Student: 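Next up is a structure, given as structure tokens.
Residue indices begin at 1 and follow the sequence shown. Owing to the predicted nature of the structure, the values given are computational and were not obtained by experimental measurement.
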Amino acid sequence: LFFDEGTFHELDQLKSHRCTEFGMNQQHIPGDGVITGRGTIDGRVVFAFSQDFTVFGGSLSETHAQKIVKLMNMARIVRAPVIGFNDSGGARIQEGVDSLAGYA
């Protein structure tokens, strides 16, 4: 409903966190709580990301942040806008400073 029909292409949909502390090695969620991709809106190329609060409270992990940064860099190269839907509980505490680095 957001993008023109059939134009959305998801990026890194199988990427997962690398954290092994605090039982996280037993919890691998493909996409790591954020959907990133590109498509068109009214024919114009647009990049977008959407954090998913139902996955670890939408918390930002190191790989979660890498997905968003990759998307922003791709958009910069082609001079396209980025739309972000932020539904996050903040940094993923299980990853400590690795997670906080995603905000830098």
Side-chain angles (χ1 to χ4, degrees):
L1 297 173
F2 185 71
F3 288 97
D4 296 339
E5 189 173 340
T7 65
F8 181 74
H9 300 282
E10 188 173 351
L11 304 170
D12 297 327
Q13 53 186 280
L14 299 178
K15 189 166 188 164
S16 184
H17 69 83
R18 295 188 296 254
C19 182
T20 59
E21 305 292 326
F22 306 103
M24 292 295 287
N25 57 334
Q26 302 297 320
Q27 301 184 41
H28 289 282
I29 307 292
D32 202 29
V34 64
I35 296 171
T36 59
R38 64 174 172 75
T40 61
I41 298 175
D42 290 332
R44 183 175 180 189
V45 175
V46 175
F47 289 77
F49 69 90
S50 180
Q51 294 174 313
D52 184 354
F53 193 80
T54 66
V55 178
F56 303 125
S59 60
L60 186 91
S61 72
E62 178 186 22
T63 55
H64 184 122
Q66 289 170 349
K67 286 179 66 172
I68 295 171
V69 169
K70 177 181 176 179
L71 176 96
M72 290 178 168
N73 284 333
M74 292 172 72
R76 180 184 49 82
I77 289 168
V78 298
R79 301 181 54 84
V82 174
I83 298 172
F85 297 95
N86 190 346
D87 191 10
S88 174
R92 190 168 300 162
I93 195 69
Q94 295 91 334
E95 292 191 20
V97 295
D98 291 335
S99 176
L100 290 173
Y103 289 108

Student: Going through the distances and angles, do Asp52 and Ile35 end up as a side chain to side chain contact (heavy atoms under 4.5 Å, CB included)?
Tutor: CA-CA 8 Å; Asp52 184 354; Ile35 296 171; 5.8 Å; no

Student: If the condition is side-chain hydrogen bond (donor to acceptor under 3.5 Å, both in side chains), which residues does Thr40 pass it with, not counting sequence neighbours?
Tutor: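 In terms of side-chain hydrogen bond (donor to acceptor under 3.5 Å, both in side chains), with neighbours along the sequence ignored, Thr40 is linked to Asp4, Thr7.
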
Student: Has Thr36 got a side-chain atom pairing as donor or acceptor with Ile68's backbone, closer than 3.5 angstrom?
Tutor: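 The answer is no, because no donor-acceptor pair under 3.5 Å joins these two groups.
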
Student: First locate atom CD of Gln66, then atom CG of Asp12, and finally report the distance between them rounded to the nearest 0.5 Å.
Tutor: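 It is 9.5 Å, given to the nearest 0.5 Å.
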
Student: If you round to the nearest 0.5 Å, how far is CD of Gln51 from NZ of Lys67?
Tutor: 11.0 Å

Student: So, using ring-ring contact (aromatic ring centres under 6.0 Å, His included) as the criterion, who are the partners of Phe49 when residues are at least two apart?
Tutor: none

Student: Output, in order, the C-alpha distance, side-chain angles, deciding distance and verdict of side chain to side chain contact (heavy atoms under 4.5 Å, CB included) for Val78 and Phe47.
Tutor: CA-CA 10 Å; Val78 298; Phe47 289 77; 3.6 Å; yes

Student: Which pair of non-hydrogen atoms, one from Pro81 and one from Val45, has the smallest distance, and what is that distance?
Tutor: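 Nearest pair, atom of Pro81 first, then Val45: CD-O, 3.5 Å.
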
Student: Looking at every non-hydrogen atom in both residues, tell me the closest pair between Arg38 and Phe3 and how far apart they are.
Tutor: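 Closest approach of Arg38 to Phe3: C-CE2, 4.4 Å.
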
Student: Give every residue pair that meets the side-chain hydrogen bond (donor to acceptor under 3.5 Å, both in side chains) criterion with at least one member in residues 71-83, sequence neighbours excluded.
Tutor: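 Checked against side-chain hydrogen bond (donor to acceptor under 3.5 Å, both in side chains) - neighbours excluded - no pair reaches residues 71-83.
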
